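Worksheet: the structure to be examined is printed underneath.
Everything numeric in this text was worked out from a predicted model, so none of it was measured.
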Amino acid sequence: RVLRCDDGRHWSRNPPAELVGQMTRPYDVLAEGEQLYFGVKFHPHGFAVFTREPVDSLRDQSIDLRLLFGPGFDAVHERVATARDFGVFVAAMEAWLGGLLCERRAQARAFRAVEHVVRALFAHPDGSALDRAIAEAGVGLRRLQGAFRETTGLSPRQLRGMVRFQSCFGGLQAGVPYAQLALACGYYDQAHFNREFRHYAGMSPSQWKRSGAPLNRWFLDPSSRAWLCGAGAPA
C-alpha cells in the first residue's frame, strides 16, 4: 500500500489508480510492501486535451482516476492490475487516451499559445525566455493567463518557478556550490534559491541532500522513465 501525508500528521491511503494534479507544495509518501508503479507523465498542459474538467481544479489534488474517467475505465484498470506488465499498461493507456483525445482543443489558438510558452520554459529553465515567449504567443495576456490556469493549473510565472526548481537537482547531486547553482538556475542569489527550494521541497537544499529519500532519487535518474523534464545539471 501507499500512504500520503499533506500536513505532517494525518495519513491517507492512495487509490490504486491515481491522478495527481499539478503539485505546488510538498507532501510525504510512505510505501509499504512490494511496490510496482506504472504511470503516464504529461507535460504541464498535456492532460487538458483528455478531459473537459479545468485542470486548475486538480491543482494540489490526488484523486481516484476511476472517478474522473468513469465506469468505462474499470476494464482498463482491471487488465493492467491483473497483467502487471509494462507493455500491457502502455497498450491499454494509449488506446484509452486515444479515444479521449480532443483534437479540436489541441488545435485551439489559446492552447497553442500555452504550448509555445511551456516549450520556451523547458528550453530555458532559468526563465530568461519567458517574457519573450509571452509576447510571441499571439494572444492577449489576460486570455493567455486564463488558458494557462485552465490547462496547467498554474500561471506562467508559477510554472517558471517550478521548472526552475526542478532544474537545480542535477547541480545539487553533482555538488555544485549553492551560490553558483543559484545563479546558473536563474535565481537572484543564494538566499532566493534557499527560499524557493524550501517552499517547494519543504526543506532546505542541505536537508534534502542528507535525506536520501529513495522515491525522490528515482525521479532524478536520467535513465528512469519518471525522470523530471529539465532536471539535468546546469552547464
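- Leu19 and Leu67 are not part of a single hydrophobic cluster, where members link through side-chain heavy atoms under 4.5 Å apart.
- To the nearest 0.5 angstrom, Asp64 atom CG is 9.0 Å from Phe73 atom CZ.
- Proximity of Glu53 to Leu58: side-chain heavy atoms (C-beta onward) are nowhere separated by under 4.5 Å.
- For the residue pair Ser155 and Gln145, no side-chain donor N or O sits within less than 3.5 Å of a side-chain acceptor on the partner.
- When all heavy atoms of Ala106 and Phe111 are compared, the closest pair comes out as O-CD2, 3.2 Å.
- Here the CE atom belonging to Met203 is positioned 14.0 Å from the NZ atom belonging to Lys209, to the nearest 0.5 angstrom.
- Checked for salt-bridge contact, Asp131 and Arg157 meet the test: a charged N lies under 4.0 Å from a carboxylate O.
- Side chains of Arg143 and Arg109 form a contact here, defined as non-hydrogen atoms less than 4.5 Å apart.
- Taking OH of Tyr178 as the reference point, atom CZ of Phe197 lies at 8.0 Å (rounded to 0.5 Å).
- Ring pair Phe69/His77: centre-to-centre distance not below 6.0 Å.
- Annotation: cation-pi geometry not satisfied between Arg25 and Tyr200 (NZ/CZ under 6.0 angstrom from ring centroid, within 45° of ring axis).
- Contact record, Ala147 with Val114: CB-CG2, 3.7 Å, taken as the closest heavy-atom pair.
- The pair Arg105-Glu150 meets the salt-bridge criterion, since a charged nitrogen lies less than 4.0 angstrom from a carboxylate oxygen.
- Side chain of Ser57 to backbone of Pro54: a donor-acceptor contact under 3.5 angstrom is found.
- Between Ser204 and Asn194, the closest side-chain pair of non-hydrogen atoms is not below 4.5 Å.
- Counting heavy atoms from C-beta on, the side chains of Arg59 and Leu154 come closer than 4.5 Å.
- For the pair Val118 and Leu121, the minimum side-chain heavy-atom distance is 4.5 Å or more.
- There is no path of hydrophobic side-chain contacts, each under 4.5 Å, that joins Val55 to Ile63.
- Between Cys168 and Phe193, the closest side-chain pair of non-hydrogen atoms falls below 4.5 Å.
- When every heavy atom of Ala81 is checked against every heavy atom of Arg84, the shortest pair comes out as O-CG, 3.2 Å.
- Residue Arg164 comes nearest to Gly186 through the heavy atom pair NH1-O, 3.4 Å, listed as atom of the first residue, atom of the second, then distance.
- Contact check for Thr152 versus His43: no side-chain heavy atoms found under the 4.5 Å cut-off.
- Counting heavy atoms from C-beta on, the side chains of Leu172 and Val176 never come closer than 4.5 Å.
- Taken to the nearest 0.5 Å, the CD atom of Gln107 stands 8.5 Å off from the CD atom of Glu115.
- The minimum heavy-atom distance between Pro156 and Ile134, with the atom names listed, is CB-CD1, 4.3 Å.
- Counting all heavy atoms, side chain and backbone alike, Cys185 lies closest to Ser167 at SG-OG, 3.7 Å.
- Neither Leu183 nor Phe165 shares a network with the other; the hydrophobic side chains, linked directly or stepwise wherever heavy atoms of I, L, V, M, F, W or Y lie under 4.5 Å apart, form separate groups for each.
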Query - Derivation and outcome, side chain to side chain contact (heavy atoms under 4.5 Å, CB included), residues Leu97 and Phe42 - result: CA-CA 12 Å; Leu97 292 174; Phe42 296 91; 4.1 Å; yes
Query - From CA spacing to verdict: side chain to side chain contact (heavy atoms under 4.5 Å, CB included), Leu65, Glu18 - result: CA-CA 5 Å; Leu65 187 58; Glu18 182 181 18; over 6 Å; no
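- The distance from atom CZ of Arg79 to atom CG of Asp85, rounded to the nearest 0.5 Å, is 9.5 Å.
- Taking CG of Leu100 as the start and CZ of Arg52 as the end, the distance is 10.5 Å to the nearest 0.5 Å.
- Taken together through direct or relayed side-chain contacts under 4.5 Å among Ile, Leu, Val, Met, Phe, Trp and Tyr, Leu36 and Val88 form parts of separate hydrophobic clusters.
- With hydrogens and angles ignored, the 3.5 Å screen pairs a side-chain donor or acceptor of His192 with a backbone N or O of Tyr188.
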